[in-house]
Amino acid sequence: MKLQKLTIYFYENLTLFSIPFVFLFILRFSGFDGLYGQDSYEYLRYTKAVQEYISAGSHPGNYFWPVLYPVLGSLLGFVFGSALALQLISCTSFSIACIYILKTIRLLYPNTKFAFLFILIFAVFCPFLLKMSLIVMSDSLTLVFVVLSFYFFFKSYYQKTNLAPIFIFATCALMTRYASLIITFPIIIYALYLVFKRKELQQFIIAILLSLVVSIPFIIFQWNALFEATSNYFLKVWSAENYFKSSYTTKDGAQSYPFPNLIYTLYLFFHPGFIFIGSVLSVIALKDYKSLFTFHQKILIICTALYIFFLAGIPFQNPRILGLAFPLVLILLFPAFEKLINLKFIKHFIIPIGILSIGLQVVFFAMTFHHIFSRTLIEKEIATMIEPYQGTTLYSFDVDLAMQGRGLDFNYKNMYMERYQNFYKNDLILFNPPQYKVQWEDKNPMLNWEYIEQHYELKVVETHPKGWKLYQIQ
C-alpha cells in the first residue's frame, strides 16, 4: 500500500512537472522564444555580459536588479544558448514550485484527498503563473524559492527538521528579486526565534555560510552599488495614499486603471487570471473564520497581507508582480476548496467539473497570453523589417532593447533616456506616435518625436501594419 501511494505521488509530481513544458514546446514551435518587453531583453543582455565575464574576464558592470537569475542563465546558456536557458529556468522553476505547493498542502492538511486536483487546476493551469513560466523573467525563479522557504519553514515548525533551508532559500529569493523579502520576512524572524529556542546555532551558522555562497555573484557584480536597491524610483514614491488611487503620472508616463490599488492587490483572491472561484472560496473561508486561527493560517495571512499592503503603496499595477504571493493564497484557501468539493452535488461530478475547469483555465490563459505572443511576433517582424538598414544611427523607444537583443547592429539612441537636439541626415527613427501619444505626453519620447517632426524633413522608408514606421531624416 505504501509503495502504491509513493507510485501515485510520483506520477502526480511528474504530471505537474511536465505540463508547463508541453506549453513551452508548443509555443516555441509556434515562434515564441520567451522574449517579451524590455525587462526580458535586459535579462538577456546581462546574461550574455556575465558569459563574457566568465569567458574573457570582462566585468559586466553593475545591475539594477539582483543577479542570480542571469548568472544561472549564463551558466546554462553555454549549453542551450542564453535566451533558451533563461526560459528553461523559468519553466523548470514553476514546475518545481507547483510540486512543492502540493507538498506543503499535504504537510499542513495530511488527510486531504483533493490536493492534487486543486494544484493541477489552480496552480499548474493558473493563467498568470503559467504565463510567468514561459517568459524570460525572474518571476518563476523567485516563486520557487519563496515556496521552498515556506515549505521548509512549516516542515521545521511541525516536524522539528533542519532550519537552515529556510534561510538559504529566502536568501536565494532575495538574490533573485528584492521584493521577496517582504513575503519571507515574518518566517525569517520566526525561524530565528526557533534557532535560539531549540539551541540550533550550528544550523544557523551553516545557513549563514551557504547564504553567503549564494550571495557571491551579487557581491562580485554589485560591489560598487551594493545598496542600489534602496534607490529604486518606485520605492521612493511609495505612499499609503496610493492605496486609494487608480491614476498615476510617474517616470513611466501617465497610467489609469479600473480600480484603486488596494482593490487591485486583492486580485489574488478573485481575479480569473489567478483563481476564478476565489470569491466563492474566500466566502467559505470567512464563514468558517475559526479555521483561520491555526498557526500556519495566521502565518500565511500575515505574509500575504504584508506583501499586499506593500504593493498597494506603489504607483503602478501589474498582476505579474502579485504572483509571488499567490502560492500562499492557494494554501490558505485549500480547506475552503475541500469543503466545496465535498458538497454532494459537486462530489458526484468531480471528473467532468475538473475537465471543465481545466478547459476554462486554458481559455483564460489564451486570453492573457495573446498580447504577449503577438508582441513577440511583432518585435521579430520589426527586426526583419529594419535589418537591411544596419550600421546607421537609430533613434527609438520601447522596442530598441528588443532590436539589440535580437542582434541588430545600430548606433542606438533611446528617446526616453534624454532629450536630443542635433540629428543628422540619414539618421533613422523607429517610432509609433499614436501608441505613445497619451501615456507619454510631455515626456521625453513624445517631446523628442515632436521636435524631430517640427525641425526635420522625414521620409517613411518602412511601415509595419501595427503602426511602427521607420523614418529617415532627409
Would you say that Leu163 contacts Arg198 through its side chain, given a criterion of any heavy-atom pair below 4.5 Å between the two side chains?
yes
Do other residues, nucleotides or ligands put more than 12 heavy atoms under 6.0 Å from the CZ atom of Phe259?
no
Contacts table for residues 142-153: side-chain donor-acceptor under 3.5 angstrom, sequence neighbours left out:
from: Thr142; atom 1: OG1; to: Ser138; atom 2: O; distance (Å): 2.8
from: Ser149; atom 1: OG; to: Phe145; atom 2: O; distance (Å): 2.8
from: Ser149; atom 1: OG; to: Ala170; atom 2: N; distance (Å): 3.1

Run the ring-centre check on Phe270 versus Tyr267 and record whether the distance is less than 6.0 Å.
yes
Quick one: are Pro272 and Phe364 in side-chain contact, heavy atoms under 4.5 Å?
yes
Is Glu241 atom CD crowded by more than 12 heavy atoms from other residues, nucleotides or ligands, each under 6.0 Å away?
no
Does the ring center of Phe295 lie less than 6.0 Å from the ring center of Tyr157?
yes
With a 3.5 Å cut-off and sequence neighbours excluded, list the donor-acceptor pairs that the side chains of residues 112-137 form with protein atoms.
from: Thr112; atom 1: OG1; to: Phe114; atom 2: N; distance (Å): 3.3
from: Thr112; atom 1: OG1; to: Glu338; atom 2: OE2; distance (Å): 2.9
from: Lys131; atom 1: NZ; to: Thr368; atom 2: OG1; distance (Å): 3.2
from: Ser133; atom 1: OG; to: Leu130; atom 2: O; distance (Å): 2.6

Check step by step if side chain to side chain donor-acceptor pair (under 3.5 Å) holds for Gln87 and Asp33.
CA-CA 8 Å; Gln87 196 178 21; Asp33 56 12; over 6 Å; no
Using a cut-off of 6.0 Å, state whether more than 12 heavy atoms not belonging to Phe293 lie near its atom CZ.
yes
Listed partners of Glu42 passing salt bridge (charged side-chain N to carboxylate O under 4.0 Å, His left out), at least two apart
Arg45
Does Asn448 reach the side chain of Phe397, with side-chain heavy atoms less than 4.5 Å apart?
no
Does the side chain of Tyr46 come within less than 4.5 Å of Trp65's, by heavy atoms?
no
Which pairs with one or both residues in residues 192-215 pass ring pair (Phe, Tyr, Trp, His ring centres under 6.0 Å), sequence neighbours excluded?
Phe167-Phe204, Tyr190-Tyr193
Check side-chain hydrogen bond (donor to acceptor under 3.5 Å, both in side chains) between Gln297 and all other residues, then give those that pass, not counting sequence neighbours.
Tyr109
Just wondering, do Ser357 and Phe276 contact through their side chains at under 4.5 Å, heavy atoms?
yes
Please determine whether the number of non-hydrogen atoms from other residues, nucleotides or ligands lying under 6.0 Å from atom CD of Gln390 exceeds 12.
yes
Output yes when Lys413 and Asp400 qualify as a salt bridge under the 4.0 Å nitrogen-oxygen rule, no when they do not.
no
Got a sec: does the OH of Tyr420 have more than 12 other heavy atoms crowding it under 6.0 Å?
yes
Evaluate the side-chain proximity of Val71 to Met175: yes if any heavy-atom separation is below 4.5 Å, no if none is.
no
Between Tyr43 and Tyr69, does the ring centroid distance fall short of 6.0 Å?
yes
Side-chain ion pair, Glu379 and Arg375, N-O less than 4.0 Å:
yes
Check this for me: Tyr158, atom OH, are more than 12 non-hydrogen atoms of other residues, nucleotides or ligands nearer than 6.0 Å?
yes
Mind checking side-chain hydrogen bond (donor to acceptor under 3.5 Å, both in side chains) for Gln404 and listing every partner two or more places apart, or none if nothing turns up?
none
